[in-house]
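Notes to accompany the following structure.
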Amino acid sequence: GGETKSSSDKRDNLIYVFDGEPQTLDCAKTSDQLAYTVVYQIHDYLIDRLPDGTLVPGLAETWEYSDDGTEITFHIRENVKFHNGDVLTAEDVAFSLNNAIGSSQTSRITSAMDSASVVDENTVLLKLKHPFGAIEYCLANAQMGIVNKKAYEEDPEAFARHPVGTGAYQFKEWKTGDSITLTAFDDYYKDKASIENIEFRIMLDSDTAVMALENGEVDFTFDIPNTAIKKVQENENLEYYVTNAASTCYVVLNNEHEILSNKKVRQAIAHAIDKEALIAGAVEGYGVPAETPISTTAFGFPADFKNREYDVEKAKELLAEAGYPDGFKIVFTATETLNFKKPGEILQDQLGAIGIELDIKDVEFSVYLDDVISGNNYEMAVTEQSTAYPDADHIYSLYHSSMIDVGRNFINVRNDQLDELLDRGRVSQDPDERIKAYEEICELWKEECFTVPTYALQTDIAANKNLKGVIPHSPSVYKIYHYSWE
Amino acid sequence: MSQPLIEIRDLKKYFDTSQGPLHAVDNINLSINKGQTLGVVGESGCGKSTLGRAILRLVEPTSGEILYKGENIVDYDVNKMRNTRRDLQMIFQDPYSSLNPRMTVGETIAEPLKVNGFKGSREELSQKIEETMETVGLSNRLINSYPHELDGGRRQRIGLARAIILEPEFIVCDEPVSALDVSIQAQILNLLMDLQDQKDFSYLFITHDLSVVKHISDEIVVMYIGQCIERANAKQLFANPLHPYSIALLHAILAPNLRNRGKPKKVLRGEVTSPINPIPGCRFAPRCAHASERCLNRDIELKEVEPGHWVACTLFE
Amino acid sequence: MSEKLLEIDNLRVIYKTDEGVVQALNGLSFHMDKGETLGLVGETGAGKTTTALSILKLLPDKIGLIEDGSIKFNDFDIVTGSEQNMRKLRGDKISMIFQDPMTSLNPIIKIGDQIAEVLELHRADMTKSEIEARVDEILTTVGLPTSRKDEYPHQFSGGMRQRVVIAMALTCEPQLLLADEPTTALDVTIQAQVLELMKKLKENLNTSMLLITHDLGVVADICDRVAIMYAGTVVEMGTIEDIFEASNHHPYTIGLFGSIPDLENDAERLNPIKGLMPDPMNLPTGCYFHDRCQECMEICTIQEPDNHIVDEKTNHMIKCHLFDRTKHSDDLEGKMHEPAFN
Amino acid sequence: MGKYIGKRILMMIPIILGISFIIFGILELTPGDPARNILGDSATNESVEALREEMGLNDPFLVKYFNYVKNALRGDFGTSYKSGLPVLEELKGRLPHSLKLALGSILIVTFLSIPVGIISAVKQYSFLDTVSLIGAFLLTSMPSFWFGIMMILFFALQLKILPATGVTTWKHFVLPSIAMAGLGIAVVVRMTRSSMLEVIRQDYIRTARAKGASESGVIIKHGLKNALLPIITVLGVEFGSMLGGGMIIESVFAIPGIGSMTVDAIRTSNTPLVIASITFSAIAISIINLIVDILYVYIDPRLKSNIKRAGS
Amino acid sequence: MMNVYEGTKETGRRKTVKRKSQLASIWTRYKKSQLAMAGLFLLILLIVIAIVAPLLANYEQDAIKQNMPIRLQSPSREHIFGTDHYGRDVFARIIFGARISLSVGLASVFISSILGVLIGSIAGYYGGKIDNLLMRLMDVLLALPSIFLAITIVAALGPGLINLLIAISISYVPRFSRIVRSSILSIKNQEFIEAARSCGTRDRRIILKHIIPNAIGPIIVEATLSIARAIIHVSSLSFLGLGIKPPMPEWGSMLAEGKSYMGSHQYLVIIPGIAIVMSVMALNLIGDGLRDALDPRLKN
Ligand SMILES: Nc1ncnc2c1ncn2[C@@H]1O[C@H](COP(=O)(O)OP(=O)(O)OP(=O)(O)O)[C@@H](O)[C@H]1O
Ligand SMILES: Nc1ncnc2c1ncn2[C@@H]1O[C@H](COP(=O)(O)OP(=O)(O)OP(=O)(O)O)[C@@H](O)[C@H]1O
Ligand SMILES: [Mg+2]
Ligand SMILES: [Mg+2]
C-alpha cells in the first residue's frame, strides 16, 4: 500500500510518480524524459554524472583524447556484470555507442559522434566528426546507456520492454498503464543500492499526482505543477527542492510567414510581451525572464545581456511602421499536453493590446509536433527548449539554416550572419572566441527577433522528507542509487 | 335481383407470424346489397375485424376478389383506390383509440373532406361539418373540443360523423358499440338505423353481441377461426340455427328475463384451435359434440341447405 | 329470516383527483344474507367496483376515501377495522374475482403458486403437501388439469385464467365472494362456461356472492336479489322477480331494460335513456337521475328521494319520489309504468 | 437458447464492422501523425517519413482498412503504435482496473438505488420520496468529473480518510466508484421508482392485496420482481457505459483503465488501439445486453417463447 | 326524429363552456409538481441572467481582459466570486458563460432532434428494410460511448464551438431517432391512423399531421433532458481540453483551468461546478415534470 509509513520502520521501496508512460525502454530509441529516468537506473554509462553535476568515470575507468580531439579511447572497467549474468565487454560498449549514434532519436547528442570500434577486450575507440567540447556531457546522457549486446540483438522489441544493463537496478515488471518496477541488483559493481525497490507509478493527471504525494501515497515527483508548489512547500511531510532548469521558453515565430518574416513585426511582438505577467500567469511566477536563446546553465550564456524591453507604445509604433497600424490576425498553435495553452492565452491578451489578434488553435500533441516541429504548418507558437548538454552550441541545431527540414530549425531562420556565428561557435577551440561569437549572436537576436525568449524555467523535486540524497539539477534525470531512506 | 353493392369472393388474409401463417380470414364469400346490413358475428379473434379491414384494403388481402359495383378494387392502383375510399368508410371498435387525440372534433370530422380535395370555401366547410355533427346528434359547441374531453358515446358519434361526411355507399362498422354502455349503445344503434333509412347506406356490421346483430342486420354471417360457417337471413338464423357452433352461440345468450332461469345450459367444452397453420377439417370439431371422423382432414364447403341459408357442417352434407 | 352477512349503510366514498373530488358512492345502502347472490347492476361509473373495493378496504391509497357510513361483515366493522384484521379477512372470509382475468394474475408466478399463496397466508397450520393437495383439489373443481399448475398465466386462455382466478378466490371457502364483472372480458360461449361453474361452486360451498355486472342477462341467470345502482346509490332493490317481473320500477330501471335489444321482440327502434350519467364531480341536486327522467317532477330537482318499499313481502325498494306514498298515495297506481320488456 | 445466443453474437459482427469503419474513417481525417508521435520532437522530417512508409501509413484508406480487417479476422488486432505491444496485451493490462471500477460502481448503484427507488415509489409523495428524488436529481445534474473533484477535495484533502488516486488497494476505488456511480444512482432510482409505481397500479397487485397478503409481501413478492425488467435494463446500460465510458473519472482519479487509454490513443492517433478499445466496449455492451436479455427470460416467463421464436 | 339525441338544444352556448385546452391541462398537471416549478424558475432565472449579463458586467473588461496583479483573489465585495488565474472576474465569466452553455445545449439538441425525428419517423413509419438499415446505423452510433464519439470527432475536426456542436449533435441523434421510432411504432398501429388512411390520407400528411403531433411529448421531454445532458457533455469535453477556444468563458473550461488550483483556491472549481449543476438540474427537473405532465397515466 501507498499509505504513509511511520518514519521508524525503514522503508525498502520508493514510489516515483510518472505523469505519463514511456513508450519504450530502449534508451537509444527514446527521447522521453520518463524513459530516461527508468533506463538511467538500469544502465551504466561510460561517464557518470554525480547529483551535483560533476562528471566522474563510470564504466570507463579512464579515457584519453587524440591530439586533434577527434578520437577518444575508453578503458572499460573489468568484472562488471550485466543483470543477466553476462560480463561486460568492449563489444557491448561499442555496440551500445553505435546503436545510439545510428538512432534518429539521439541526434541532439550524437551529432558530433561518428562511430565506435573495439580496440581490444577492454578498450573502445570513439571517433568524432569534429572536436566537440561537450562530448563528455553527451556520453553521460541517459540515451547513451551501455546495453547487453546479446540480449538486445536477440530481440530488440523484447529488449525495449525489458532492458538489460549493468546498473544498480534491474528491470522487474512493467504493468502497462500502471507502473514499472525495478529492484536493486545484487551483483552491482559498486555497493548495492540502499533502496531495494523502485516503482514508477503512472499517474496521468499531475494535479492528482501532487495530491497523492501530499497524502503520502507516493514519494517522489519532479517538475510539479506550479500551482501546487506552494502547498508542497507548506507540507511538513515533504521536502521541496528547486534549481534552474536547462530549458527556456520562447515564442516561436515562423520566419517564413508572410507577415512574421517582416523584422519590424517581430520586433513589435518582442516589445509587446510582458514577461513578468507571462511568468506570473503561465508558471505561477516560478521562472526568470529570459533575454537570450541560450540556456542559463550553458557555457557561453551572457549573463548581463538585455534584450528588448516591454514597451507597448514602441510596439505599436513598430507595427505601424511595418504597415500594420491596425494589427492583424494570426493563428497560434498550442497544445495543452505541454502546458502551452496558458502562455498562449496570456500572449493573446498581451498582443491583443497592440492589435494582433491571436486565434488559439489548441491541438493534440501529435498535431503540434506535426504542425510546428515539422516547421511546415504554423504561424506562431511557444515552445520550450531544453539543452542536452550545457553548452551554448545547443542552439545550433535549432537555428542554423542547414537544419531546416533535416534538422530542427522549425523556425525557418535563414540568416547568413547567424549561420556564420553558429559555425564559429561550434568549431572554434578558443573559449574566448566562442564566448564572443555567442555574444554577437545575442546582439543579432535583439535586432532580428527570430524568436522571443520569454522565461527560463526552474526544475524542482517534491519528495518525502525522509528521502535523503536528493539534489535537483537541470536535466531532471535522477539516479536513485544515490538516495536512501532516513 | 340487381348487382350487389359489394361482393367478396374467396377472400383470404394470412398474417405472417414467426410460427407460420395465421389464417385470419380464410376463404370468405359474401355479398351486400344496397341499403342492406350484413352482420358478422363470432368470437374474439376469429377474424371479423380483419375481414372488415381487408374489404376496405386497409390490410392487403392475401388473395381473393373484392367487387365494388362489379369492379375488383384489389386491382386498383394507389390513386384509384384513394379515390374509391370516399365511398367505402369504416367506423372503428374503440372510440378511444380511433380518434386522433391532438385533433379537435371539427378537425377530425373535416379531415376526410380535406384530404379528398374539398373545393368549397371555409364557410361551406364549416357549414358542412356542422350539418354532419347535427346529423349524428353532436352539439355544435363541441366543434373545438378534444376527444379526451368527451365520453365514449360522443366519441363514437364523431367516428360516425367522420365516416358519413363523404356520403359513402358502404360502411364497415367494426363493433361500434361494444365499448359502450347499454343505453348509449342503444342511442348509437338507433342512429345507425335512421341513417340507413335516410341515406340508403349499406353496412357490414361486426359484433360479438348476438342480440345487437339480430336487431340491426338483414343477413348474418357466423365466423369461426377465419371461416364462415353459417350464413342466413337474420330471422332464419335465430329461428333455426344449424351449425353446432351457431347453436351454442345462441344458447349462450342470456336473455334479460327469467324464462330460462334454472334451466340446465348446454356448455361447450374443449379448447379453441389456433388460427396459425390450422389443419384441414372443421375447426370447431375439437369443441363439437357431433364431431366425427368425417369432420377431419378435409375442408368442409358451405352448402345451401334451404334458400338463403348456408352452413358448413358435415351434418348437413 | 336468514342471517345477515354483510350490511352496508349510507356509504359515501370519494376519490380525490387532480381535477376535483369524484363522488363515487353517495349514501349507498344494502345488505346481504348468508348464501344468497346479490346482483349489483349499473352503468359504467355507477360505483360498482368502488363498492367492492370498499368492502375489502382496498380503495386506492390516499385517493379513495370512505367519507361516511358503515360496512358490517358478520358484525365486524370494516370501516374502522384495523389493517391487520382486514388482512385476515381478505382472501379468507371475503374474496374477490376481478373483472379482467388477463391482468389480475401475476404474470411471472406459476398459477399453482398463486393459488397456494392464499393458503400460505391464511392456513398457517397446513403443511406443504396439504397445501399442494388443496391446490390440486381446487384446480380440479374449476375444471383445470392439475398437471398445468406449474404453468404461467400467459400459457392459458382467457376462460382458463378466469377459472384460475375463481379457484384462487374459493380455496379458503370464503363466506362472501365479490365477483366484479367476472365474465365481461370473456367470449359469450366461454362466459357461459364460467357462469355455470360459478353457480355450481357457490351452491356447493354455500358462499354468498355479490355479483357485479351491467349485464341483465347474467343477473337473470344467477342472482337471487338485485340492486340497481345509479350514480353511487341504489335506486331500486328487490328479489329477482321484483326487478324482472313486478310492475313497479324506478324510471332508470325502465330505461335500462328499454335499451337492450330484445331477441324475441323485433322492435324497429330501441328506447334508450336520453342523456348521460351525471358528472360524478358535479352531481345534480335532488334525484341524481332527474335530468334524464321522463317522469321528472319539480320535487325531483330539489329533494333527494327516500327509499320506498313498494312490496313489503319481498322488501322491494325504489328510491323515487313517484313512490312516495305520503304524497302520491292516491295516484300511485296511475303512475305505474309498463316495463319496456313486457 | 443456444441458438438464440449464437444468433445474437452473429448480429454483433456487422455492428462491430460498422464501428471499426467509422472510427477508422474519423481517425483517417484526424490530423496528427502517429509516426512523428512515436519519434518525438527531436526527430527530423526524413526519419518521420521513413517510419510512415514502414508502418504502411501512406497506403490508401481502403487498403489500410482492408488490411486491418483481414488481420483482425486472423486474431491480429495490430500493435499499439506507442508501446509496440500487441493491442490485446495493452487492453489486458488496463482491463482489470476499468472492470474493478465499473463493478464497484454498479454494486453501489444496485444496492443503493433499488431500495431507495422502491421506498420512494411505495411512499409516493412522502418526505422520503421527495428527499430521494431531490438527491437523485442532484446526482444526475452533477458532471461526474466535478463530483469526483468535490469528493477528492472533501474526503482526500480535507478529511484525509481516503486516497485520492491510484489503484493499489480497494480503498483507492471507493471515491472513483462513487463518482462514477453518481449518475447511475440517479437513473436507477428514477427507473425503479417509475417502474414500481407502474407495477403497483396493476390489477394483480390488487389481487394480491385481496388475498390478504401483507404490504411488504405485496411489494417484494409481487411488485419488485415484475418491476425488475426495466431496472435490469438500465443497470445493464449503466454497466456498459461504465465499462466503456470511464475516461473522465479515470483521468480525474489517475486510474490506468481502458477509458484513459482510449482518450490518449485518440489524441495520439493510435488507430489500432482506438479501434480495439472501442470495439471492446461495443462488444462488452452487446454482451451485457445479451446477459440482460437472458436474465429477462428467467424473470419473465412470457418472454421465453419470444426467444425460442427468435432463435429458430 | 332526432329529439332523442342530446345536442340540438345545446347550440349557442359555445362561449360559456368551460374548456381546457390540452396545453392548459398539461400546465395544470405540471404546476402540481413543486420540484418541476422550482426547475422552471431556476431556468428562467438563468436565462434572464444570461440575457442581462451585459448590464451586470462588461464582457471585454471583466470577463476577457487579463489583469495579473489581481490574479487568484478569493471572493470579496469587489469580486463576489473572486478572480481567476489571469485576474479575470469569475462572476463575469460565469454569467457570460451561461450564454454559451445554454446556447450550445439548445443548438445541439435542436440539430439532433431534427435529425433524430426525421430518421426515426422514416424508420418507424415505413418499417422493413429502410427501418433495418437506419436502425443498424443508429445501433452502431449508439454502441460508441457518446463521449468517445465526441472526442473522436473533435479530434478529427479540431476544437471549437461549431465542431463541438457537430460532435454532440451526432452523438445524440440515435437517442432521438429511437424514441421517435418507438412512439411512432406504437402510434402507427392505433386505430386513428387507420382511420386516416381509410379516408385516403397520404403518407406524408399522416406522418406530419397525425403521427408527429402525437409523438411530440416524449420528444420534448427527451429534448429538455438532452439539453441538460449536452451542457454536461460540453463541459466534460472542455474539461478534457477539447472545448471552446480561449478566451471565451465556458463553465467546463473554467473548471478545467480551476482544477489545478483546487488545492489552494477551491472556489475556482466549486463555482463553475455549481453553475453547471444548477442549470442542468433546472433542465432535468423541467424534463421530469414534463414527462409526468405529458403522461396522463401518471396523473395521480
Ligand atoms: N396485423 C396483424 N398481424 C398479425 N396477426 C394479426 C394482425 N391483425 C390481426 N391478427 C390476428 O388475426 C386474427 C384475427 O384478428 P381480428 O382482429 O380480425 O379478430 P376479431 O374477430 O376482430 O377479434 P376481436 O373480436 O377481438 O376484435 C387474430 O388471431 C389476430 O391475432
Ligand atoms: N382511482 C380512481 N380515481 C379517481 N376516480 C375513480 C377511481 N376509480 C374510480 N373512479 C371514479 O369513481 C366512479 C365510480 O367508479 P367505479 O369503478 O366504481 O364504477 P363501476 O360501476 O365499477 O364502473 P365500470 O362498469 O366501468 O367498472 C367513476 O366515476 C370513476 O370515474
Ligand atoms: Mg376486432
Ligand atoms: Mg368496475
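Throughout, a chain's letter reflects where its sequence line sits, starting with A, and its residues are numbered from 1.
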Flag side-chain contact, heavy atom, 4.5 Å: Met150(D) against Gln266(E): no
With chain E as the partner, which of Leu17(D), Leu138(D), Ile22(D) has the greatest number of non-hydrogen pairs under 4.5 Å? Leu138(D)
Just by distance, with hydrogens left out, do Asn284(E) and Ser141(D) show a side-chain donor and acceptor under 3.5 Å apart? yes
Just give me the residue among Val154(E), Ile274(E), Leu141(E), Leu283(E) that pairs up with chain D most often, heavy atom to heavy atom, under 4.5 Å. Ile274(E)
Between Ile285(D), Leu153(D), Leu133(D), Ile23(D), which shows the greatest number of heavy-atom pairs under 4.5 Å with chain E? Leu153(D)
So with a 6.0 Å cut-off around CZ of Phe41(E), is the heavy-atom count from everything else above 12? no
Under 4.5 Å, counting heavy-atom pairs only, tell me which of Met142(D), Arg190(D), Glu28(D) racks up the most with chain E. Arg190(D)
Using the rule side chain to side chain contact (heavy atoms under 4.5 Å, CB included), only one of Ile231(E), Ile232(E), Val280(E) pairs with Pro143(D); which is it? Ile232(E)
First locate atom CD1 of Ile249(D), then atom OG of Ser236(E), and finally report the distance between them rounded to the nearest 0.5 Å. 9.5 Å
Within the 4.5 Å heavy-atom criterion, are Leu29(D) and Leu157(E) side-chain neighbours or not? no
Are any of the side-chain heavy atoms of Phe145(D) and Leu255(E) separated by less than 4.5 Å? yes
Backbone N/O of Val269(E) and side chain of Trp146(D): donor-acceptor pair under 3.5 Å: yes
Is Thr130(D) close to Gln34(E) at the side-chain level, that is, under 4.5 Å between some pair of heavy atoms? no
Less than 4.5 Å to any heavy atom of chain E: does that hold for the side chain of Ser241(D), its backbone, both, or neither? neither
Least distance between heavy atoms, Val140(E) atom then Gly18(D) atom: CG1-C, 3.9 Å
Give the member of Ile16(D), Leu183(D), Ile278(D), Asn289(D) that has the highest number of heavy-atom pairs under 4.5 Å with chain E. Ile278(D)
Which atoms of Leu137(E) come close to chain D, meaning under 4.5 Å heavy atom to heavy atom: side chain ones, backbone ones, both, or neither? neither
Go through it in stages, so that I can follow the logic: the residues are Val277(E) and Phe137(D), the test is side chain to side chain contact (heavy atoms under 4.5 Å, CB included), and I'd like the CA-CA distance, side-chain angles, deciding distance and then a yes or no. CA-CA 10 Å; Val277(E) 174; Phe137(D) 275 120; over 6 Å; no
